[in-house]
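Start at 1 with the first residue, then count along the sequence. Atoms within a ligand are numbered from 1 in the order they appear, just like the ligands themselves. These numbers come from a predicted model, not from an experiment.
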Amino acid sequence: MSPSVTTNGTGTGNANGVKKSHLGFGTRAIHVGSAPSKDTGAVIPAISLSTTYKQDAIGVHKGFEYSRSGNPNRDAFEATLASLESGGAHGLAFSSGSATTATVLQSLGPAAHIVSVNDVYGGTFRYMNRVAAENQGLETTFLDLETADDETIVASIRDNTKLIWIESPTNPTLRLIDIARIAGLAHSHPSHPLVLVDNTFLSPFYSSPLLLGADIVLHSLTKYVNGHSDVIMGALILPEHHAAVAEKLRFLQNAIGAVPSPYDCWLAQRGAKTLHLRMKAHGTNALAIAKFLERSPHVEDVIYPGLASHPRNDLAYTSLSPHARKFIDSLLLKESEDGGFPYGGMISFRIRGGEKEAEKFLTSTRIFTLAESLGGVESLAEHPARMTHGSIPEAERAILGIGGNLIRLSVGVEDVDDLIRDVEQALEIAVQ
Ligand SMILES: Cc1ncc(COP(=O)(O)O)c(C=O)c1O
């Protein structure tokens, strides 16, 4: 038996005995799954690299047998994850976000059907279309879940529809999906598909999909949760009432074996302890930069869901996690003149001109680094059309709004004045 099953708390306690239900987000991030050692008193968990564990008699052990099935660091970090994702009770860690996706889709079995948001992360699209479709006969209906009306969504659900896959905001055009609406439609349908939300872009700080009715949350922990661009890892979090689904996924976690190392779990747990601090800083920095870009004559269009100009700015606010809402309300920004508020660290914008100007901007920044990925403390910038979304045919990219002048920023937690100056000088060089 995996010890994680017993220690991933149900809202009443977990690995370190800290009760989680009444604690704030930051307290949970720091203390749940991270108790001082009973053996040594060490305040920080030791890294337990052993792959196997002594048994006092056959089958008599301290909760661990073999490290793929469970180990102290993964167990502790899974407890942290289950606690951080509000409404969560079962946390499962994997060796990457992509391995997490593969495990979920494999769990659906042969000849299943799913409905997916149309501009899902490229690697997820690839796994659905090129791996699961070919190897297990998975059929996927890609739908624009932002604009599709209720009838269209309901009509897309078949007898064998097992899952609705949501990513919100979408990448890179940051469109917002109404998770509560989709969950309502799914749960009142006779086929009862589960609703999965890839919450990578907002992290458990800004969005709590389980509280909006989702059944499963997925993260590429590689991004904000670890937050330091030095670990590849993924996770699933499920609510208490989905113990049977969690158990099936945990069986596959062990059977497939795409598990993270104890060292990576330890690193990511360390990263997660500052998630609330980092996400507040990512959000306030991104809001300031988005506002600066909106005022710039060198910019055609800025996409940031926290800006009042974003078409779904109201949904962004009403679907905030309780802890993000508390933070944002304390800033008194929503009621201010321009109504903007922090909403994660991702911004996309269209520079005036075309691909030439975009490339010039991307090679002229001094603090923003030209690189793929996102969610680390350092600011990154990239060109979706030729980098992260380069494998999408140009015609489809055009439909999705991914043109040559689109730039995506992952705003880090450096001093905001330096970031704004950096963007300003790069725009001056790029747009003559
Ligand atoms: C939204 C989203 N989901 C899943 C993944 C896959 O995660 P990983 O790179 O950890 O395999 C990514 C990676 O960029 C992503 O952006």
Side-chain angles (χ1 to χ4, degrees), residues 74 77 81 85 91-106 114 116-132 140 142 145-146 163-177 179 195-207 209 214 216-237 253 256-261 264-265 267-268 271-272 279 282 305 343-348 371-376 380-384 387-392 400 402 408-411:
R74 193 176 92 209
F77 185 44
L81 289 168
E85 191 59 73
L92 293 88
F94 296 84
S95 55
S96 67
S98 303
T100 315
T101 298
T103 304
V104 171
L105 294 179
Q106 284 195 44
I114 64 172
S116 169
V117 63
N118 59 343
D119 47 359
V120 69
Y121 166 65
T124 305
F125 178 83
R126 182 176 55 205
Y127 194 90
M128 288 170 177
N129 260 3
R130 305 254 319 265
V131 184
T140 307
F142 291 97
L145 290 174
E146 183 185 46
L163 196 66
I164 299 188
W165 192 288
I166 296 175
E167 210 179 292
S168 183
T170 63
N171 178 18
T173 51
L174 306 179
R175 298 177 324 124
L176 291 191
I177 313 298
I179 295 167
V195 174
L196 178 147
V197 177
D198 182 335
N199 198 22
T200 299
F201 266 43
L202 290 177
S203 91
F205 182 76
Y206 281 100
S207 175
I216 306 176
V217 166
L218 179 146
H219 284 283
S220 167
L221 303 174
T222 313
K223 313 299 176 345
Y224 287 106
V225 174
N226 176 59
H228 294 76
S229 306
D230 49 14
V231 166
I232 299 270
M233 209 193 285
L236 295 173
I237 298 102
Q253 177 196 36
I256 296 171
V259 291
S261 73
D264 281 353
C265 290
L267 271 179
M279 291 315 295
H282 283 296
Y343 193 76
M346 301 303 294
I347 303 175
S348 291
E372 299 200 2
S373 201
L374 60 121
L380 304 178
E382 67 115 4
H383 189 256
M387 294 170 68
T388 48
H389 294 68
S391 60
I392 300 176
L400 295 172
I402 308 171
R408 189 187 78 178
L409 302 179
S410 169
V411 178

Protein contact to atom 16 (O) of ligand 1 [nearest heavy atom, distance to 0.1 Å]: Tyr121 CD1, 3.7 Å
For atom 3 (N) of ligand 1, the protein heavy atom that lies nearest, with its residue and separation: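 Ranking protein heavy atoms by distance from atom 3 (N) of ligand 1, first comes Asp198 OD2, 2.6 Å.
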Checking the side chain of [X] only, and the main-chain atoms of [Y] only, is there a donor and an acceptor separated by less than 3.5 Å?
X	Y	answer
Ser168	Ile177	yes
Thr222	Met233	yes
Gln253	Ala93	yes

Residue-ligand contact Lys223/ligand 1, heavy atom below 4.0 Å: yes
Whether Asn171 lies under 4.0 Å from ligand 1, heavy atom: no
Evaluation steps, side chain to side chain contact (heavy atoms under 4.5 Å, CB included), between Trp165 and Leu218: CA-CA 10 Å; Trp165 192 288; Leu218 179 146; 3.9 Å; yes
Under 4.0 Å to a heavy atom of Glu167 - the qualifying atoms of ligand 1, by number: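 Going through ligand 1 atom by atom, the ones under 4.0 Å from Glu167 are 1 (C).
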Proximal atoms of ligand 1 relative to Ser98 (non-hydrogen, under 4.0 Å): 6 (C), 7 (O), 8 (P), 11 (O)
Residues Val120, Val117; criterion side chain to side chain contact (heavy atoms under 4.5 Å, CB included); working and verdict: CA-CA 6 Å; Val120 69; Val117 63; 4.0 Å; yes
Sub-3.5 Å N/O-N/O distance, Leu374 and ligand 1: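 Such a contact does not occur with ligand 1.
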Test of proximity, Ser220 against ligand 1: N or O pairs below 3.5 Å: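 Yes - when backbone and side-chain N and O of Ser220 are compared with those of ligand 1, one distance drops under 3.5 Å.
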CG on Leu145 to CG on Leu176, rounded to 0.5 Å: 12.5 Å
